[in-house]
2 protein chains.
Amino acid sequence: MTVGVKRVGAATFRLDGVYVAASGTAVGDKEWQGPLGQYFDLHWTPPPDSKSFEQEERDLLRRSQDVALAKAGLDWEAVDVVLGGDLLDQLVTTSFAGREHGRPLLGLFAACATFTAGLATGSLLVAGAGAQTVVVSAVSHHFAAERQFRYPVELGNQRYPTASWTATAAGSTILDHKPHPLRVEAVTIGRVVDWGQKDPNDYGSAMAPAAVDTILRHLQATGQTPAAFDAIFTGDLGEFGRRLALRLLNEQTGEDWSQRLDDCGRILYDRKRQDVHNGASGAGCSAAVFGGYLSARLDAGAWHRLLLVATGALLSPTSSQQGESIPGIAHAVAVVAEGG
Amino acid sequence: MTVGVKRVGAATFRLDGVYVAASGTAVGDKEWQGPLGQYFDLHWTPPPDSKSFEQEERDLLRRSQDVALAKAGLDWEAVDVVLGGDLLDQLVTTSFAGREHGRPLLGLFAACATFTAGLATGSLLVAGAGAQTVVVSAVSHHFAAERQFRYPVELGNQRYPTASWTATAAGSTILDHKPHPLRVEAVTIGRVVDWGQKDPNDYGSAMAPAAVDTILRHLQATGQTPAAFDAIFTGDLGEFGRRLALRLLNEQTGEDWSQRLDDCGRILYDRKRQDVHNGASGAGCSAAVFGGYLSARLDAGAWHRLLLVATGALLSPTSSQQGESIPGIAHAVAVVAEGG
């Protein structure tokens, strides 16, 4: 198989010879008990000597990386570059994990779109630059995020109906150029889109326009129709964000996307039984759902081609306090099952 | 000129056909009045309607991007991807600027090493993936950083002798594959190195081991000796960090690096007259010093080959409060003046 890249749009690239060697996923109790629990590799629980949520988040990340490497039969020495990120200020989870694995590290921030930012960039490094083995990771920890972005956890604030539940989840995916069942076929780097939404309890609506922008740009640049994909999964728009994305896509294309478009955050939990309102969010959400459920669907032959479009809300507590609206971004990665 | 990439080490790549089309720099009063003032494009002052330091930081970034585009004779529509970052939580400066330019955006976080993280990744996209025009930016704003990382500005805390002064500076560099005088020859993505230093008032010592690691890895992978470079500039080790880096390099190589190694943060200010102790720091420091002074030296033929090794301290206020040490990282970019 030739390894190569072809630019087919401003930031859309078709790739040859980039494969998913393995993915590793680790999730917390709530995610393990949810409808996708059986698809994850590890039921993560905090280490007994855990001193902080932030330290736990690093452990969660490392566990997902270790299981991915074990599944691929690789050790850290084989890794050229690690790409990834998290939600914590100054990306401390990813950086501090980096001092343990000691491999070259590119830290990325795209909020909850970080996983596909990493998959896209990592795929380009493998296809275009000759990187041999790349690890792409994203992680989030419910309580570490909650106390940084919202309120002290102990406060027990009532949650808004449109609010999402930050997942305690990590996903790590290893890319290389040796043939494996799943291949990265094309990627699109997203643009920042901001329609002026200011409600920090409704990220889904803030991110939906960015998801729609990236999906349509990806299809246009690759010359594909929605029918080319058996499934298109956004990152964590949740129930309400998906409704808005569907409306926009239906309006802009004149087609019915309802059977084609779903969302990782919408399916991670049983929204009623698990009391999560809009669904799941967090940088680890799409990473774990891709490494677990979505990869399993592709591996099983249920789908042939998937478009994963993780979505990020690019706000900070400071920007919200200063009255700014919430910009969104979404990066797209098309994965094809070569087996069928 | 052929465009291409060759992997010569785990995360070291030799590039063909990647050029610096232009750089744009914008700096505040203190930087403008310093010894490098004449090399910068814009003396930036806060807009009259400025409402916050954070809003000012975005203006500073945009000004550097606009001047880079103007110097290259390009408009935003010509840009395939913007890569870059800043120091603020959740990268809000870079993201919010993104909603104005509307171009595909890859947000990077490597603290004050962000500029070379972007230059390296952007160069790989141009050389390996066929990206046409890439903008790489990094920015910092003294007061926005000061109140986020240290103390309320109004407190007027006394500064430690080893403390650096976060520069109010932005640098944007445009890369493409059309021949220009400056060419990106090779890049190395850095590893996280942490020697256990915990003093948040001495980033220079925390970052020096990472700088040394990346410099030596780059030389080894490219088969070069230090003599291949007329100048090797770290990012913002400052006076004390440079001393430590020199000691480590001298010890590990048995050579005298004192005439070869200098530091962007050490030369941005007149350290005595401008009362900045260890020197300058901030993501914008190495970006502006590269776009201004270092590029000018290469353009003037004073140097033929430069290794720029921006350095980042990967801590957060939370990680320091939790008693963690300060991991460092450094990414290297070799730039050659083709004219001579």
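In this text, all values refer to a predicted model and were calculated from it rather than measured experimentally. Chain naming here is simple, since letters A, B, ... match the order of the sequence lines and numbering starts at 1 in each.
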> What part of A:L125 is in contact with chain B, defined as an atom under 4.5 angstrom from a non-hydrogen atom: side chain, backbone, both or neither?
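For A:L125, the contact with chain B is made by the side chain alone.
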> Does any backbone or side-chain atom of A:R147 lie under 4.5 Å from a heavy atom of chain B? Answer side chain, backbone, both or neither.
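It is the side chain, since no backbone atom gets that close.
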> Do you know which of A:E54, A:E77, A:H331 has the most heavy-atom pairs under 4.5 Å to chain B?
A:E54
> Would you please test A:L108 and B:L108 for side-chain contact (heavy atoms from CB on, under 4.5 Å) and show each step?
CA-CA 4 Å; A:L108 301 170; B:L108 301 170; 3.3 Å; yes
> Which one of B:P317, B:A117, B:G190 has the most heavy-atom pairs closer than 4.5 Å to chain A?
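The option with the most such pairs is B:G190.
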> Look at A:V79, A:V5, A:T318 and state which one has the largest set of heavy-atom pairs under 4.5 Å with chain B.
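Ranked by heavy-atom pairs under 4.5 Å with chain B, first place is A:V5.
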> Pick whichever of A:T133, A:T188, A:I329, A:T121 has the most heavy-atom pairs under 4.5 Å with chain B.
A:T121
> Please classify the contact of A:Q148 with chain B as side chain, backbone, both or neither, using a heavy-atom distance under 4.5 Å.
side chain
> Around atom CD of A:Q322, are there more than 12 heavy atoms of other residues, nucleotides or ligands at under 6.0 Å?
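Atom CD in A:Q322 is crowded, with more than 12 foreign heavy atoms closer than 6.0 Å.
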> I need the residue from A:A97, A:A110, A:G102, A:G85 with the largest number of non-hydrogen atom pairs under 4.5 Å to chain B.
A:G102
> Please give me the minimum heavy-atom distance between A:P327 and B:F96, naming the atom from each residue.
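Taking A:P327 first and B:F96 second, the nearest heavy atoms are CD-CZ, 3.7 Å.
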> Working to the nearest 0.5 Å, report the span between CZ of B:R99 and CH2 of A:W195.
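Output value for this atom pair is 15.5 Å.
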> Got a second to check how far B:S316's OG is from A:D89's CG, nearest 0.5 Å?
6.0 Å
> When only pairs under 4.5 Å are counted, which of B:A120, B:G328, B:S319 shares the most heavy-atom pairs with chain A?
B:S319
> Determine the option with the most heavy-atom pairs under 4.5 angstrom with chain B, choosing from A:D194, A:L105, A:L91.
A:L105
> Check step by step if salt bridge (Lys or Arg N to Asp or Glu O under 4.0 Å) holds for A:R58 and B:E324.
CA-CA 13 Å; A:R58 299 203 279 279; B:E324 295 287 350; 2.7 Å; yes
> For residues B:R7 and A:G130, report the shortest heavy-atom separation together with the two atoms involved.
CD-O, 3.0 Å
> List the atom of B:P104, the atom of A:I189, and the distance in Å for their closest heavy-atom pair.
CB-O, 3.5 Å
> With respect to chain B, which residue among A:V81, A:L106, A:L124 yields the maximal number of heavy-atom pairs within a distance under 4.5 Å?
A:L106
> Check whether any side-chain heavy atom of B:Q90 lies under 4.5 Å from a side-chain heavy atom of A:Q90, and answer yes or no.
no
> So what's closer than 4.5 Å to chain B heavy atoms on A:A129: side chain, backbone, both or neither?
both
> What part of B:F13 lies closer than 4.5 angstrom to a heavy atom of chain A: side chain, backbone, both or neither?
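Side chain only.
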